[in-house]
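The figures that follow rest on heavy atoms only: side chains count, while hydrogens, waters and symmetry mates do not. Lettering of chains follows the sequences in order, A, B, ..., and the numbering in each one begins at 1.
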Amino acid sequence: GQQVMQIPQYQHVQEGEDFTTYCNSSTTLSNIQWYKQRPGGHPVFLIQLVKSGEVKKQKRLTFQFGEAKKNSSLHITATQTTDVGTYFCAGNRDDKIIFGKGTRLHILP
Amino acid sequence: GAGVSQSPRYKVAKRGQDVALRCDPISGHVSLFWYQQALGQGPEFLTYFQNEAQLDKSGLPSDRFFAERPEGSVSTLKIQRTQQEDSAVYLCASSLASTRPYEQYFGPGTRLTVT
């Protein structure tokens with residue numbers, strides 16, 4: 001069945017370093033969404049990408065959707081302690097939404 | 001404005017008991033989703049409603065799981081004869097959209113522990 005793979009599973013970075021998480025699908029996606037879940041919290045919608053090759057920025061966050069619409073990435077520049085949490089990508093095919101397992105980001109002070 | 005609310009926030013059930021989990025979506029949101037999230041995992045899709053119609057229930061793990069949204073607003077996820085493997089956080093999400101892409105707003109979840 002359709003899978004959405006996310007790597008890495010965990011990432012520890014020093015505060016101020018950059019961070020990237022990657023999302024890969026076995027099939028073409030109609031769109032992809034990114035969510036952030038703080039420890040003990042619930043997923044919070046960050047952004048969605050629809051077009052092939054699309055790039056969107058939100059302050060220090062840059063989101064990309066691959067040309068083949070099978071992969072995506074989230075890059076955070078100069079991480080801050082408030083960036084701590086788990087970042088999930090979610091792929092949309094038909095009406096089903098498939099979440100990756102997430103990348104847990106730890107920030108070392 | 002009010003977000004998605006879920007109740008109860010925590011539920012402890014003995015194996016074999018039935019449980020009912022409630023979701024109040026954002027007012028006016030057409031689409032409603034239920035997910036199961038195990039510890040350290042991503043949300044796993046269970047079922048999807050568009051208004052009162054259950055359009056996809058392919059993610060429900062067994063016939064012990066049942067969901068309804070009779071008036072197209074509040075939804076209830078019912079689990080019959082709970083098993084230990086049902087222990088997880090059950091998340092509800094709603095979306096204004098009736099077609100993809102769905103920008104989903106999640107509730108705080110119900111943490112179910114089956115003993």
Side-chain angles (χ1 to χ4, degrees), chain A residues 1-10 21-25 28-52 54 56 58 63 65 69 72 74 85-106, chain B residues 2-7 9-10 21 23-26 29-51 53-61 88-112:
Chain A
Q2 178 182 353
Q3 288 190 344
V4 173
M5 309 299 292
Q6 213 174 330
I7 56 170
Q9 190 175 1
Y10 301 97
T21 173
Y22 301 90
C23 185
N24 294 287
S25 170
T28 302
L29 302 168
S30 58
N31 62 77
I32 197 152
Q33 300 173 350
W34 285 91
Y35 293 81
K36 176 182 178 181
Q37 186 172 22
R38 292 182 182 274
H42 57 274
V44 174
F45 176 84
L46 294 177
I47 208 161
Q48 66 188 6
L49 305 168
V50 179
K51 298 176 183 176
S52 170
E54 189 170 13
K56 286 189 177 181
Q58 286 180 351
F63 304 84
F65 200 10
K69 300 183 77 173
S72 181
L74 158 59
T86 301
Y87 293 84
F88 293 100
C89 63
N92 213 169
R93 188 166 186 255
D94 300 326
D95 281 323
K96 190 164 293 184
I97 300 171
I98 310 297
F99 277 77
K101 293 188 183 298
T103 296
R104 185 169 298 177
L105 175 62
H106 294 268
Chain B
V4 178
S5 61
Q6 291 185 245
S7 61
R9 292 292 312 278
Y10 304 91
L21 312 180
C23 172
D24 283 81
I26 294 173
H29 276 201
V30 171
S31 298
L32 186 145
F33 301 81
W34 282 99
Y35 294 89
Q36 181 189 62
Q37 186 173 27
L39 190 65
Q41 301 294 312
E44 294 272 352
F45 171 84
L46 294 177
T47 187
Y48 159 64
F49 289 87
Q50 188 178 114
N51 294 307
Q54 189 175 19
L55 299 187
D56 190 337
K57 55 181 182 179
S58 61
L60 296 176
V89 175
Y90 290 86
L91 294 164
C92 173
S94 71
S95 174
L96 185 61
S98 59
T99 58
R100 63 176 190 264
Y102 303 98
E103 179 177 333
Q104 299 179 81
Y105 295 84
F106 280 82
T110 294
R111 183 178 297 277
L112 173 65

> For K101(A), does the NZ atom have more than 12 heavy-atom neighbours from other residues, nucleotides or ligands under 6.0 Å away?
Replying inline: no
>> Can you tell me which portion of Q6(A) sits under 4.5 Å from chain B's heavy atoms? Options are side chain, backbone, both or neither.
In response: neither
> Side chain of Q33(A), backbone of Y102(B): donor and acceptor closer than 3.5 Å?
Replying inline: yes
> Does any heavy atom of chain A fall under 4.5 Å from the side chain of Y35(B), the backbone, both, or neither of them?
Replying inline: side chain
> If you measure from CZ on F88(A) to CD on Q41(B), what distance do you get to the nearest 0.5 Å?
Replying inline: 8.5 Å
> When you look at CD of E54(A), are more than 12 heavy atoms from neighbouring residues, nucleotides or ligands closer to it than 6.0 Å?
Replying inline: yes
>> So, taking the atom named CD in E44(B) and the one named CD1 in I97(A), what distance separates them when rounded to the nearest 0.5 Å?
In response: 13.0 Å
> With a cut-off of 6.0 Å (strictly less than), are more than 12 heavy atoms of other residues, nucleotides or ligands near OH of Y22(A)?
Replying inline: no
>> For chain A, which candidate among P43(B), G59(B), G109(B) shows the most heavy-atom pairs at distances under 4.5 Å?
In response: P43(B)
>> With a 4.5 Å cut-off on side-chain heavy atoms, are V4(B) and H42(A) touching?
In response: no
